[in-house]
Participant: 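My questions all concern the structure below.
Since we're looking at a predicted model, the values are computed, not measured. Just follow the structure's listing: the first ligand is 1, and inside any ligand the first atom is 1.
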Amino acid sequence: MKSIVVLISGSGSNLQAIIDACNSGAIPGKVNAVIANKADAYGLVRASEAGISTQVLSHKAYQDRDSYDLALIDAIDQYQPDLVVLAGFMRILTPAFVQHYSGRLLNIHPSLLPKYQGLNTYQRAIDAKDTEHGCSVHFVTEQLDGGPVILQAKVPLFSDDDVASLAERVHEQEHQIYPLVVRWFCQNRLQQRADQAWLDGNVLAANGYA
Ligand code: GAR
């Protein structure tokens with residue numbers, strides 16, 4: 001049974017999908033702690049309701065990114081995680097943090113990476129008149145939203161979509177692919193080797209498992 005720590009900043013719907021998959025046995029792991037940088041993150045309520053330890057570590061209490069990330073490492077390592085999952089954790093992480101969890105740090109991003117790294121991905125896709133959008137799960141490296149992609153899901157983008165309708169369609173897919181990737185990791189099927197993601201001994205294509 002793998003030990004998982006999840007970091008959040010907001011609603012925690014991806015956290016919920018992962019908790020549910022642990023509870024159903026689909027993921028051979030347990031979320032041992034949920035840590036948020038914001039006290040009002042609704043995901044903290046979800047975690048408490050699931051009987052999971054929670055902690056708020058506000059970045060506002062720290063002078064700089066380095067000291068915050070060191071405190072975050074201390075908080076996370078109390079739970080001796082095999083895997084650290086970023087689920088809507090809206091912070092840029094320092095190289096020291098990323099290196100500390102190298103190979104066991106996952107993120108989900110609301111775009112078909114490498115397209116639309118950074119923020120406001122839905123609005124950017126709508127403005128560009130794209131006909132499809134999606135989400136990507138990737139290993140985290142020092143390059144922001146640039147680590148090796150493991151799995152992506154595509155959705156159609158319709159001409160009458162707004163951010164809310166597109167986000168809803170993407171979220172549905174996120175809740176499918178993130179638990180699946182966490183399952184693979186906890187089954188020891190998934191690895192990061194340098195700048196590549198490997199599943200069952202096969203390297204995944206640059207834009208993930210198709
Ligand atoms: C998710 O859509 C995730 O892709 C996004 O935050 C949302 C969190 O939702 N992450 C990022 O934008 C990271 N750059 P949730 O709190 O309901 O899981």
Participant: If you have a sec, work out which protein heavy atom is nearest atom 9 (O) of ligand 1 and how many Å separate them, to one decimal?
Facilitator: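 Residue, atom and distance for the closest contact: N14 ND2, 3.9 Å.
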Participant: For the atom pair OH (Y101) and CG (L7), what is the distance rounded to the nearest 0.5 Å?
Facilitator: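 Those atoms lie 8.0 Å apart.
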Participant: Counting non-hydrogen protein atoms only, what is the nearest one to atom 8 (C) of ligand 1? Give residue, atom name and distance.
Facilitator: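 In this structure, atom 8 (C) of ligand 1 has G88 CA, 3.6 Å as its nearest protein heavy atom.
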Participant: So, are D130 and R124 salt-bridged, with charged N and O less than 4.0 Å apart?
Facilitator: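 No, no charged N to carboxylate O under 4.0 Å.
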Participant: Determine yes or no for a side-chain-to-main-chain donor-acceptor pair under 3.5 angstrom, with R65 supplying the side chain and L93 the backbone.
Facilitator: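 No: the side chain of R65 does not pair with the backbone of L93.
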Participant: In terms of residue, atom name and distance, what is the protein heavy atom nearest to atom 17 (O) of ligand 1?
Facilitator: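 For atom 17 (O) of ligand 1, the nearest protein heavy atom comes out as S13 OG, 2.5 Å.
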Participant: Name the orientation class of the two ring planes belonging to Y68 and Y62 (parallel below 30°, tilted from 30 to 60°, perpendicular beyond 60°).
Facilitator: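 Judged by the thresholds at 30° and 60°, the geometry between Y68 and Y62 is perpendicular.
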Participant: Could a heavy atom of I8 be found less than 4.0 Å from some atom of ligand 1?
Facilitator: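 Per 4.0 Å heavy-atom rule, I8 does not contact ligand 1.
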Participant: Is the shortest distance from a heavy atom of Q16 to ligand 1 less than 4.0 Å?
Facilitator: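 In this structure, Q16 fails to qualify as a contact of ligand 1 - no heavy atom is under 4.0 Å.
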Participant: Taking only heavy atoms of E174, which atoms of ligand 1 are found under 4.0 Å from at least one of them?
Facilitator: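 With E174 as reference, the close atoms of ligand 1 come out as 1 (C), 2 (O), 3 (C), 4 (O).
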Participant: Could you list which atoms of ligand 1 come closer than 4.0 Å to a heavy atom of P110?
Facilitator: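 Listed by number with element: 4 (O), 5 (C), 10 (N), 11 (C), 12 (O).
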Participant: Has ligand 1 got any nitrogen or oxygen that is less than 3.5 angstrom from a nitrogen or oxygen of N107?
Facilitator: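 No.
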Participant: Can you hop from V140 to V6 via hydrophobic side chains spaced under 4.5 Å?
Facilitator: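 No, separate clusters.
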Participant: Starting at CG of L199, measure out to CD of Q187 and round the result to the nearest 0.5 Å.
Facilitator: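 Going from the CG atom of L199 to the CD atom of Q187 covers 9.5 Å.
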Participant: Over 60° means perpendicular and under 30° means parallel, so tell me whether H175 and H171 are parallel, tilted or perpendicular.
Facilitator: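 Answer is parallel, since the angle falls under 30°.
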Participant: Taking everything shown except E168 itself, do over 12 heavy atoms lie less than 6.0 Å from its CD?
Facilitator: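 Atom CD in E168 is not packed in, count stays at 12 or less.
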Participant: I'd like to know if G12 contacts ligand 1, where contact means a heavy-atom distance under 4.0 Å to any ligand atom.
Facilitator: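 The answer is yes, since G12 has a heavy atom less than 4.0 Å from ligand 1.
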Participant: Quick one: look up the protein heavy atom nearest atom 14 (N) of ligand 1 and list residue, atom name and how far away it is.
Facilitator: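 Minimum-distance protein heavy atom for atom 14 (N) of ligand 1 reads H109 ND1, 3.5 Å.
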Participant: In the protein, which heavy atom is nearest to atom 10 (N) of ligand 1, and how far is it?
Facilitator: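 For atom 10 (N) of ligand 1, the nearest protein heavy atom is I108 O, 3.5 Å.
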